[in-house]
Each structure stands twice: as structure tokens, then as C-alpha cells.
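Okay, so here's the structure we're looking at.
Heavy-atom basis, side chains included; hydrogens, waters and symmetry copies ignored. Order of the sequence lines fixes the chain letters, A, B, ..., with proteins taken first and strands second; residue numbering starts at 1 for each chain. Values in this document were obtained by computation on a predicted structure and should not be read as measured data.
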2 protein chains.
Amino acid sequence: MSGIRKSPEYTRELILSTALRLFVERGYFATSVHDIRRAAGLSTGSIYHHFESKEALARALYDDLVKRMTAIVELSAESCQSAHDKGRAIAVALCRAAEESPELVHFILHARHREFLPEAPPICSTRPFELMKQVAAGGIASGELRQMDVLVASVALFGGVIRLLHLSLDGVLDKPLAGYLGDVWEAGWRGVSS
Amino acid sequence: MSGIRKSPEYTRELILSTALRLFVERGYFATSVHDIRRAAGLSTGSIYHHFESKEALARALYDDLVKRMTAIVELSAESCQSAHDKGRAIAVALCRAAEESPELVHFILHARHREFLPEAPPICSTRPFELMKQVAAGGIASGELRQMDVLVASVALFGGVIRLLHLSLDGVLDKPLAGYLGDVWEAGWRGVSS
DNA sequence: GTCTATAATTTGATAGAC
DNA sequence: GTCTATCAAATTATAGAC
């Protein structure tokens, strides 16, 4: 067992991915450092060598996942021109992420970060959600969307899709996400388009 | 202090309301029974006299709040005829509840109940959310809404409003909820109406 | 029915060998 | 850099007086 030495980067990633899985399954507070240690097949000392504290581990995980989510949204928006296409690309990418990496999306959408990261900004103030608002703002400026408050447009345009993601993560959908996404997105667009 | 004896019902309600406030402020796991005891000005023994365990307290609170939320949504829907009016009445009532009893709405929308109440159904399967789906189903049956999957219609119709409530509870809105609600609801309706 | 005192575990974190 | 052993504090819950 301990003969198979892995690189420190590998160990660090193993700790992060194990913590993510357990945090999503049971929540941050219901997961002890001992649980992470056991699930990762490591020792307490090893975990505390890589992270100063349990909270520091959670913060590193949070930063990492916000970065991954930002990349997903950013790449989607950049690949298109119109607000309609940007928005739809984001919606499609979010759904794909929810199916391929449900833990990522779950942690971003569901976890109550401020309970264990007191100084973290609310998740809706982070870059991925700011980008969605920018798509709405661009649509209003270009005339694709009706003249309205940017926040209202953003909430109306993406609210249905985000709600759909919540339902998917709660396991209450009968079919795969893709079976609902097209119609939900179209309804959202129809609600704000001029 | 202990000369002022209150009724047992009062004590029970005091424990529940204190627990609700702390659970919303810090979360279930970050709130110890000792915290509740101190904030309520009671003793540990008194709390354990009224509730079998911390989890039983949380379950009683959960049941109580789902009941209150059900009443709010039920009364709103009953007071109107058309799907449009029912839906808008529900949206208005939810926003009023979010301003008058933010702790109630926060606990229902934000708390990760399944982390501490393992056998509780997902919140979106509870009666208040089922009623919203029924409003959408009624609208489709009557022809007010386009023909579509009931879940899609429900998500598209109420997704924006629920998203707006989340933002309000996260404290990222500049104005009172009422300043956004009208337009968000209208966009949702426009997205699904025939 | 409420109190104080305390038991039994679990938790996050550290020390020091290898 | 990883391990084992252990600590100090906090947590849920109980016992028993009043």
C-alpha cells in the first residue's frame, strides 16, 4: 500500500476530489476530516500537510470549482455572437456539466458556502453568474431583448434553467435533463425577447 | 427569572422559533443545542424535555414550516380562478412571505434538509411545490398555456420568481422584492402562455 | 417542567517517528 | 511527505435534584 508513492499533486487532488464527493453526499459539517482520511485512504497527517485546516480545504475546493464553472460559462458565451445563442450555449453547457460532473454543479448551486466560508461572497455574485447577467445586458443593448431591468432580464431568462438544474440534482426528474432543456430555455427566451 | 413561568406550549414555540433563527443564520450543523439553549434563555434539560433529540427538533420545525408554506400557497391559489391569476397570487404571496418572514422562506428554499433529515423527501416534492405544478397543469388543460410538458411549464412559469427569492435571501437585491416581481412574473407568463 | 452537573463521543488539529 | 498516536475542546444526550 504505502509502497505505491504518488506525486504530491496527485495526493492533493485526491483529497480535493474525495472531499467534494463527501461534501456533496453528506454536507460539509456532516463530513469529518476522519471521513475524508478514510475515504481517500490517507492519514490525518497527510491531509493536514496539504491543507492548513478543514476550512482551508473547503476554501481551496470552492475556488477551484468556481474557476471550473467560470471556464464552462465563459467558453460557451465566447463561442457565440447573439445574446440568444450565447444564452442557449450557456444553458446547454450547464446541463451537460450537471450530467457529467453533477458534484461540481451540486456544490456550486446547492452548498451553503457561507455557513462554512463566512467571508465568501454569495455564489450569485461570482463570475459565472455575472456572465449570465452580462448576456442579458448585451441582449437589451442590442435590441434582442425588451427594454427592462438587467437583473429582471437575467432572472427571467435563466431562472427556469437554474430551477431545472436544481430539480435534476434533487433527483426528481424522470428523464435526462436534455429532454426538458430545449423547451425550458425557449420559454425563458420567449418571456424576455422583443 | 425562573419565577416567571410560561406555559409549556410557549416554551415549545420559543425553542422552535429560536432554533429557526439560528439554523437560518448559521445552518443546522453550526448551531449546537447549547447555542439554542443560551439564545432561548432555557436549560438543556428543558429542550430535551420538549424534543427527543436535536434531529427531532429539526423535524418538528421542518413539518411546521412546510405546513405554513402550504397554507400560504393554498390560500393564494384558492382565491383565484384562472391559471394566470392563481399563479400571480402565489408569486405575490411568496414575495410577501419572503419580506415578512424571511426565515420561513429561507429555511424552505435554502436549507439542505436532507443533510440532517435523511428520510425527508426533497423539498420540491412537498405540497407547496406540487400546488405550483397543479396550477401549470390547470393552465394547460384550460388552454391558457401552450401544450407542453407539465414540469416544463411549471419550471418556466415559476423558475424566475423562485430565482428572485433566492437572490433576495442572499441579500444581493438593491430594491425591495416588489420592485422586480411584476416584471419577472410577467416574463414567466409570457414564456408559457398561448 | 425546569434546572445543574456530567457522561460518552466525536471533532479538528498537533507531535514526532520514519 | 506520510504515518501513528494523541490532545483539547466541543457536541449530543442523560441523571437526578427541586
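- Taking the ring centroids of A/Phe107 and A/His113, they lie under the 6.0 Å cut-off.
- Computed from coordinates, the A/Arg37 CZ to C/dT14 P distance equals 17 Å when rounded to whole Å.
- One can place NZ of B/Lys54 at 19 Å from P of C/dT9, the figure rounded to the nearest angstrom.
- Minimum atom distance to the side chain of B/Ser46 is reached by C/dC3, of the listed C/dC3, D/dT12, C/dG12.
- Computed from coordinates, the A/Tyr28 OH to C/dT11 P distance equals 13 Å when rounded to whole Å.
- Distance CZ (B/Arg38) to C1' (D/dT11): 13 Å, rounded to an integer number of Å.
- The separation between A/Glu55 atom CD and C/dT11 atom C1' is 15 Å, rounded to whole Å.
- Separating the CD1 atom of A/Ile47 from the C1' atom of C/dT14 is a distance of 14 Å, rounded to the nearest angstrom.
- Here C/dG12 is the nucleotide among D/dA5, C/dG12, C/dC3 with the atom lying nearest to any side-chain atom of A/Val33.
- A/Phe51 places its CZ atom 13 Å from the P atom of D/dG1, with the value rounded to the nearest Å.
- By the 6.0 Å contact criterion, CD on B/Glu130 is enclosed, its count of non-hydrogen atoms from other residues, nucleotides or ligands being greater than 12.
- The residue among A/Leu42 and B/Phe29 whose nearest nucleotide of DNA chain D lies closer to the 5′ end is A/Leu42.
- In this model, the phosphate group of C/dG1 is approached by a side-chain N or O of B/His49 to a distance below 4.0 Å at OP1 or OP2.
- For A/Ser82 (side chain) and A/Asp85 (main-chain N/O), a donor-acceptor pair under 3.5 Å exists by modelled atom type.
- A/Leu57 has its CG atom 13 Å from the C1' atom of C/dA13, to the nearest Å.
- In summary, B/Arg114 and B/Glu119 do not engage in a salt bridge, as defined by a charged side-chain N under 4.0 Å from a carboxylate O.
- The residue A/Ser43 sits close to a base: some heavy atom pair falls under 4.0 Å.
- Relative to the ring axis of B/Tyr48, B/Lys54 does not place its NZ or CZ within 45° and under 6.0 Å from the centre.
- Contact annotation: B/Thr44 side-chain N/O to D/dT12 OP1/OP2 distance is not under 4.0 Å.
- Of the side-chain N and O atoms in A/His34, none sit less than 4.0 angstrom from OP1 or OP2 of C/dA13.
- Nearest to the side chain of B/Thr11, among C/dT2, D/dA13, C/dG12, sits C/dT2.
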